[in-house]
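Here's the structure, in structure tokens; my notes come after.
Computed from a predicted structure; not experimentally measured. Values below: all heavy atoms of this structure, side chains included; hydrogens, waters and symmetry mates excluded. Just follow the structure's listing: the first ligand is 1, and inside any ligand the first atom is 1.
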Amino acid sequence: MQWRWSLDAAINNPLLLMKRYIRKNILELEPYSTARDEFQGGDISVWLDANESPYPNGVNRYPDPHQKRLKERVSQLTGVAPESIFIGGAGSDEAIDVIFRVFCTPGKDNVIAIAPSYGVYKVAAAVNDIEIREVLLNEDYSLPAERLLAAADENTKVMWICSPNNPTGNAFPKEEILSLAAKFDGIVVVDEAYADFSEKGSLLSEIGKVKNLIVLRTFSKAWGMAGLRAGMAFSLPEINEYFGRVKYPYNMSSMIQEELMRRIEEGTSDHIPEIVSERNRMAKALEKAGCVGRVYPSDANFLLVKVKDADALYGYLIKNGVIVRNRSRMPLCSETLRITIGTPSENDRTISLINEFNNL
Ligand SMILES: *Cc1c(COP(=O)(O)O)cnc(C)c1O
């Protein structure tokens with residue numbers, strides 16, 4: 001089959017892959033060249049190339065647009081080469097938008113996403129005037145591989161898979177995602193924002209091997225730095241190069257780059273085991289509550305819980321100072337609340353409020 005031949009060729013050859021999936025205007029883009037890009041090294045003590053203020057105040061100089069030192073640190077952490085790393089200064093939300101802008105021609109191309117899933121894919125698609133084809137998960141929240149592939153046509157460029165998935169909480173088996181990537185004529189993005197809480201592993205080690213794979217990670221969840229706004233995309237160097245061209249040149253401030261490196265040294269991800277054990281404790285406790293119909297298995301730092309009257313319980317928790325997320329209006333999620341795992345005492349309080357509601 002001609003199509004099969006070209007797909008195999010494209011997803012195994014970076015140059016063909018880029019031509020096939022990257023927008024033409026982006027392939028031809030002459031990127032903005034910053035003052036510091038043109039500087040080729042040398043023993044400089046007077047910097048008069050960037051119209052900065054010469055008076056030192058900690059932030060008078062432009063930051064490194066390529067975040068070289070930070071990428072080296074992230075490379076040590078992940079085992080992925082710096083050339084394969086994109087870091088967004090607006091979290092992985094920035095990576096999501098950059099992916100749309102690199103691969104999808106507005107008004108023409110489309111993407112496929114699982115549903116229910118993270119809301120930003122849909123909003124970023126709409127902002128970029130890209131059709132998003134949402135494919136319902138199976139009833140048990142497993143991956144509908146055949147239906148995902150069937151939703152594609154010749155203008156489909158990207159498939160969004162969130163694993164562990166928000167809000168359902170489950171991670172999909174690695175082999176299933178890899179098998180999808182092998183059959184899909186396009187780019188597969190796996191959003192692993194919650195992978196640090198999962199025992200099902202990560203696809204990071206496949207970067208470079210599976211050419212049409214992009215993996216997203218974030219400092220917002222397990223690393224505890226949601227306020228810093230730093231997210232990552234890992235991909236083939238040939239693809240990552242175009243993310244670098246399309247992003248805003250100085251997309252991450254020097255203070256954030258330094259703060260991230262400082263906190264990575266400190267190793268702030270120590271809370272993962274406690275959050276995982278609290279998640280499992282809370283799941284057991286909630287299963288016993290009378291108003292709880294089901295606690296879905298979770299590979300993340302939250303629980304999706306099916307309850308008798310989600311709106312009423314949601315209101316009751318708020319009245320008592322606890323806010324959770326009501327996901328009842330999402331597909332396949334009727335009467336559900338998504339509850340983030342907090343500190344042990346916060347979890348205790350939430351469990352007792354839910355038991356109390358039960359007895360009202
Ligand atoms: C929270 C979350 C993110 C993280 O977004 P940031 O912009 O990095 O804070 C990414 N993907 C999913 C599915 C999430 O739930």
*Could you give me the CA-CA distance, side-chain angles and deciding distance for Ile85 and Phe234, then say whether side-chain contact (heavy atoms from CB on, under 4.5 Å) is met?*
CA-CA 5 Å; Ile85 302 174; Phe234 300 85; 3.7 Å; yes
_Closest protein heavy atom to atom 5 (O) of ligand 1, given as residue, atom name and distance to 0.1 Å_ = Ser92 OG, 3.2 Å
_Minimum distance, heavy atoms only, to atom 9 (O) of ligand 1: which one of Ser220, Ser163, Gly119 is it?_
Ser220
_To the nearest 0.5 Å, what is the distance between CZ on Arg294 and CD on Glu335?_
15.5 Å
_Quick check with a 6.0 Å cut-off and a 45 degree axis cone: is Arg101 positioned over the face of Tyr248's six-membered ring?_
yes
*Within less than 4.0 angstrom of ligand 1, does Ser117 place any heavy atom?*
no
*Relative to the ring of Phe197, is the ring of Tyr194 parallel (under 30°), tilted (30 to 60°) or perpendicular (over 60°)?*
tilted
*Which ligand 1 atoms, with their elements, are less than 4.0 angstrom from a heavy-atom of Gly91?*
6 (P), 7 (O), 8 (O)
*Taking Glu52 for its side chain and Tyr62 for its backbone only, find out whether a donor-acceptor pair lies under 3.5 Å.*
yes
*Would you mind running through ligand 1 and noting each atom that sits below 4.0 Å from a heavy atom of Cys162?*
13 (C)
*Proximal atoms of ligand 1 relative to Ala90 (non-hydrogen, under 4.0 Å)*: 7 (O)
*Decide whether Tyr21 and Asn212 meet the rule of one side-chain donor and one side-chain acceptor closer than 3.5 Å.*
no
_Side chain, backbone, both or neither: which applies to Glu94 and ligand 1 if a contact is any heavy-atom pair less than 4.0 Å apart?_
neither
*When you check the side-chain N and O atoms of Asp309 and Tyr316, is any donor under 3.5 Å from an acceptor?*
no
_How long is the straight-line distance from CD1 of Ile130 back to OG1 of Thr105, given to the nearest 0.5 Å?_
7.0 Å
*asked:* Using a 4.0 Å cut-off to any heavy atom of Lys221, which atoms of ligand 1 qualify?
replied: 1 (C), 2 (C), 3 (C), 4 (C), 14 (C), 15 (O)
*Closest non-hydrogen protein atom to atom 7 (O) of ligand 1, residue and atom name please, with distance?*
Arg229 NH2, 2.7 Å
_No-hydrogen, no-angle side-chain donor-acceptor test under 3.5 Å, Asn138 and Arg147_ = yes
*If you count the atoms of ligand 1 from 1 in the order shown, which ones are under 4.0 Å from a heavy atom of Ala193?*
2 (C), 3 (C), 10 (C), 11 (N), 12 (C), 14 (C)
*Which bit of Asn166 gets closer than 4.0 Å to ligand 1, counting heavy atoms only: side chain, backbone, both or neither?*
side chain
_Nearest-neighbour protein heavy atom for atom 11 (N) of ligand 1, which is reported as residue plus atom name and distance_ = Asp191 OD2, 2.7 Å
*atom 15 (O) of ligand 1 - nearest protein heavy atom and its distance*: Tyr194 OH, 2.6 Å
